[in-house]
Every structure is written in C-alpha cells, then in structure tokens.
Student: 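Below are the structure tokens for one structure; questions will follow.
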Amino acid sequence: MKRIFYFLTLLMMSAITVSAQKQMSPPHVMIVPDMIYCKTNGYVQQFDNMGVVETVPDYEKALTEDPSLHQVLTLVGNLINDRNSDIVIVDLLEAINNAKADAAMAAANGGDDSESVEEAIIRASEADILVKVQFDLLKMGPQYQVSYTITGTDAYTNQKFAPVEGVGAPSTSANPVQLLREAVFQNMDAFLNKMLTYYNNMVTKGRMVTFEIKTTAGSGVRMGSKVGEYTLREQIEDFLYDNSVDGKGLERVQSGDTFMKYQGVYIPLIATIRGRQRKQGAKDVAQRLVNYLAENNVTAEYKIRGLGKVNIYIK
C-alpha cells in the first residue's frame, strides 16, 4: 500500500513539474559542431580580437564541405524534440544567413569588426543553449564505429555542462548519421534532463551578462560626474541592481574615472517589458539602460557581442 501511495505521489509531482515547464518559456537550443571537430577538419578561421589573434569555428565552411554534418546536427535536434517537443531548435544555417545579413547592413553603415563571426552567429540565433557535437567515424577492419561527445553550453557565457560521450556498437555501415543515432539514443534522456535542469536554474537565478560601460573621448561626463541626484557611477549601479536578480554579480566590478566593467550581472530570464511578461536578453536590458541615461540627459549607445557581452558607449 505504501508503495502504491509513493508511486502515485511521484506521478503527481511529475505532472506538476511537466505543467510548470510548459508554462515557462521553453529553451531555444542551437546544435553546432564542437570546436574539436572544426579544428580537426580544418573548419576554422582567425579573428583579431583587439590585437590578440583567436581561432574560431567556421560553421559555414563546415556545413558546405561536410555533407553529413547538417544531417548529424538535425539528427541530434530531432532526438531532443522527440523527447520534448516544447524545446525550440534553432537551425544553424538560418542563424548563419541572419548573421551575414546583419554584417551586410553594418558594413553599409560604417561597419563594426569588434565581433567574431562565431559571436555574430550566436547573437543572430538568440539561443539560450548551444549543444556542441563532436564525432569521429572509426574503421576497424570491415566494421565501423562512431565515437561522440555532446556538450551543453550556455550561449551567453560559454559555460559547459552535461557532457555525454560514448562509442557506438560496431557495424558494417559507414553512414555516420545512422551510427550516431544508434549510439546517442540511449544517452539522450540523461543529457536532456541535465540540460533542462540547467535551464530551469537559469530561470530561477537569472542569466549572466557582462556589462562594460565607457565614456568616449568627446564625452562631457565621467563616472564621478553628478547626474541628477547621484553620480553617473551610482546611477548605473542602481539601474543594474533594479534590473538584476537581487543585485547578484554587481560586486564583481572594475571601475575607473572613464569606465566600469561588471564581470557578470545575473539578469532575470523573464521580465516585464512594455507592460507584458516576456523573455528577455542582454539587448533588452542594454536598451533600457540607454533610455534611462537619456532621461538623465546622458547620451549613450550600446553594442552586443555574441549574446552575453554588452558594451555601452557614453557620448
């Protein structure tokens, strides 16, 4: 009798959890090839990040030159949706095309090379989570096996979580898509549970965003300048406190007379925007900060790098 009661209780709790998850905004997920896969196969490009040359994935080249890659990425997305159809899968190719359109528009208006191609694609995707896939086709005599690693990654911070890896059963088939499906299938439930746990924690704790605020050379104000009742530094800090989860992350700040850099402010995933409850990103908070400064007679503009880095320029 106790076992029956316990089972029914678990059933009710599960139903409540599923109902709650359906009510909240579902995660947007983009499936991408892992950096290891891109480096191994030569699908990378160089990016000059303020004098430091960085190697970043070239997703477009990877999709163009490896005909099986898009099928693999689609397969992983389908396996996720088979288990939870509420999750929104963002197509990588669509994000690439959107990023290219944004770049063309930016070039027509003077250009801005402060963002890498990878960051631009992630920003265009507006994904919450990246699922990074690494796979190798191994030949053992007449048979083939596929080894794989699938890693969840926070699209805002690049923080990794929930990695799963394994090697599929030997087969005479050399089709990596078929082999990967059979190999990944048994681990997908565990991976998905970890991914949703991470996302649900984000809903509760907020998501981390870096804010860097600078006064430009021609600006008439500095961080210590009085702007209304308080200094500009205090006004910015108060605004970020009001637009964060209990001010979490504000203590991690570097500042001087012309700049402030918050290493990671946790902003609410859901907020009231224009009178409605909406899912928000860093750009929403950045726009509100620019508007708030304008109300205090301070002109500013913002730029977003990737999804989780906000630069505010005070003029």
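Note: hydrogens, waters and symmetry copies are ignored here, and every other heavy atom, side chains too, is used. What you see is a predicted model, and the numbers here were worked out from it, not measured in a lab.
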Student: Can you tell me how far apart CD (Q263) and CZ (F211) are? Round to the nearest 0.5 Å.
Tutor: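 Interatomic distance, Q263 CD to F211 CZ, rounded to 0.5 Å: 13.0 Å.
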
Student: Going by side-chain contact (heavy atoms from CB on, under 4.5 Å), N84 matches just one of I87, I80, N81. Which one?
Tutor: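 Of I87, I80, N81, side-chain contact (heavy atoms from CB on, under 4.5 Å) with N84 is met by I87 alone.
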
Student: Could you list who else is in M35's hydrophobic cluster, with ILVMFWY side chains joined at under 4.5 Å, directly or through other members?
Tutor: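 Same cluster as M35: V44.
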
Student: Do you know which two heavy atoms are closest between T204 and V245, and how far apart they sit?
Tutor: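 What the structure gives for the nearest pair is O-CG1, 4.3 Å.
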
Student: Under a 3.5 Å distance rule, please check whether K248 uses its side chain to pair with a backbone N or O of G206 as donor and acceptor.
Tutor: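 Pair absent, no side-chain N/O of K248 close to backbone of G206.
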
Student: Hey, are the side chains of T210 and Y262 touching, using non-hydrogen atoms and a 4.5 Å cut-off?
Tutor: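 Contact flag for T210/Y262 side chains = no.
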
Student: Go through it in stages, so that I can follow the logic: the residues are V131 and M195, the test is side-chain contact (heavy atoms from CB on, under 4.5 Å), and I'd like the CA-CA distance, side-chain angles, deciding distance and then a yes or no.
Tutor: CA-CA 9 Å; V131 173; M195 186 176 76; 4.0 Å; yes

Student: Output yes when D154 and R207 qualify as a salt bridge under the 4.0 Å nitrogen-oxygen rule, no when they do not.
Tutor: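 A salt bridge is absent here (no side-chain N lies under 4.0 Å from a carboxylate O).
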
Student: For residues Y148 and V133, determine if any side-chain heavy atom of one lies less than 4.5 Å from a side-chain heavy atom of the other.
Tutor: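 Of all side-chain heavy-atom pairs linking V133 with Y148, none is under 4.5 Å.
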
Student: E115 side chain to G306 main-chain N or O, any donor-acceptor pair under 3.5 Å?
Tutor: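 Yes; at least one donor-acceptor contact below 3.5 Å.
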
Student: Are the aromatic rings of Y37 and F135 close, with centres under 6.0 Å apart?
Tutor: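 Close enough - the centres of the two rings lie under 6.0 Å apart.
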
Student: Crowded around Y230 OH? As in, over 12 foreign heavy atoms under 6.0 Å?
Tutor: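 No, the 6.0 Å shell around OH holds no more than 12 heavy atoms from other groups.
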
Student: Test side-chain hydrogen bond (donor to acceptor under 3.5 Å, both in side chains) on Q134 and D136; report intermediate values, then the result.
Tutor: CA-CA 7 Å; Q134 154 67 8; D136 288 303; 2.9 Å; yes

Student: When you check the side-chain N and O atoms of R181 and Q71, is any donor under 3.5 Å from an acceptor?
Tutor: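 There is no such pair (donor and acceptor under 3.5 Å, judged by atom type) between the side chains of R181 and Q71.
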
Student: Considering all heavy atoms of both residues, which atom of F191 and which atom of T151 are nearest to each other, and what is their separation?
Tutor: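 Distance-wise, the nearest heavy atoms are CE1-C, 4.1 Å.
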
Student: Rounded to the nearest 0.5 Å, how far apart are CG of L240 and CZ of R288?
Tutor: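 Between atom CG of L240 and atom CZ of R288 there are 10.5 Å.
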
Student: Quiz question: by atom type and distance under 3.5 Å, do the side chains of T272 and Q277 form a donor-acceptor pair?
Tutor: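 Yes.
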
Student: side-chain hydrogen bond (donor to acceptor under 3.5 Å, both in side chains), that's the test. Do Q235 and Y292 meet it? Break it down for me.
Tutor: CA-CA 9 Å; Q235 294 278 22; Y292 173 76; 2.5 Å; yes

Student: Would you find a donor on one side and an acceptor on the other, under 3.5 Å apart, between the side chain of N175 and the backbone of V177?
Tutor: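 A pair under 3.5 Å: yes.
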
Student: Just list the side-chain donor-acceptor pairs under 3.5 Å for residues 213-223, sequence neighbours left out, or say none.
Tutor:
residue	atom	partner	partner atom	Å
T215	OG1	T258	O	3.3
T216	OG1	I314	O	3.0
S219	OG	V221	N	3.2
S219	OG	V221	O	3.2
S219	OG	K315	O	3.3
R222	NH1	S219	O	3.4

Student: So, taking the atom named CE in M202 and the one named CD1 in I267, what distance separates them when rounded to the nearest 0.5 Å?
Tutor: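 Interatomic distance, M202 CE to I267 CD1, rounded to 0.5 Å: 10.5 Å.
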
Student: Is there a donor-acceptor pair under 3.5 Å between the side chain of R233 and the backbone N or O of G256?
Tutor: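 Such a contact is found between R233 side chain and G256 backbone.
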
Student: Does E119 come within less than 4.0 Å of R305, counting only side-chain N to carboxylate O?
Tutor: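 R305 and E119: salt-bridged.
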
Student: What pair of heavy atoms forms the shortest contact from I31 to L92, and how long is it?
Tutor: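 Heavy atoms only, the tightest pair is O-CB, 3.9 Å.
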
Student: Taking atom CD of E251 as the centre, does the number of heavy atoms from other residues, nucleotides or ligands within less than 6.0 Å exceed 12?
Tutor: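 More than 12 within 6.0 Å, yes.
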
Student: Let me confirm one number: the NZ-CG distance from K61 to N41, rounded to the nearest 0.5 Å.
Tutor: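 Rounded to the nearest 0.5 Å, the NZ-CG separation comes out at 10.0 Å.
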
Student: Does a side-chain N-to-carboxylate-O contact under 4.0 Å join K283 and E126?
Tutor: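 Result for this pair is yes, salt bridge flagged.
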
Student: Would the distance check show the side chain of Q280 and the main-chain N or O of P268 forming a donor-acceptor pair, the cut-off being under 3.5 Å?
Tutor: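 Side chain of Q280 to backbone of P268: a pair is present.
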
Student: Show your working on side-chain contact (heavy atoms from CB on, under 4.5 Å) between D128 and Y199 and close with a plain yes or no.
Tutor: CA-CA 8 Å; D128 300 299; Y199 180 74; 3.9 Å; yes

Student: From D102 CG over to I121 CD1, what is the distance, rounded to the nearest 0.5 angstrom?
Tutor: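 D102 CG to I121 CD1: 11.0 Å, rounded to 0.5 Å.
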
Student: State, to 0.1 Å, how close I273 and R278 come at their nearest heavy-atom pair, and which atoms those are.
Tutor: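 Looking at all heavy atoms of both residues, the shortest contact is O-NE, 2.9 Å.
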
Student: One pair to check against side-chain hydrogen bond (donor to acceptor under 3.5 Å, both in side chains): Q287 and N291. What are the steps and the verdict?
Tutor: CA-CA 6 Å; Q287 183 61 65; N291 294 345; 3.0 Å; yes

Student: Identify whether the distance between the nearest side-chain nitrogen and carboxylate oxygen of K100 and E60 falls below 4.0 Å.
Tutor: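 Judged by the 4.0 Å cut-off on N to carboxylate O distance, K100 and E60 do form a salt bridge.
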
Student: side-chain contact (heavy atoms from CB on, under 4.5 Å) with F239: which of L293, N296, L289?
Tutor: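 Of the listed residues L293, N296, L289, the side-chain contact (heavy atoms from CB on, under 4.5 Å) partner of F239 is L289.
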
Student: If you round to the nearest 0.5 Å, how far is OH of Y59 from CG of L69?
Tutor: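 Going from the CG atom of L69 to the OH atom of Y59 covers 10.5 Å.
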
Student: Under 3.5 Å, side chain of N187 to main-chain N/O of V184, donor-acceptor pair present?
Tutor: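 No, because the side chain of N187 does not come within donor-acceptor range (under 3.5 Å) of the backbone of V184.
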
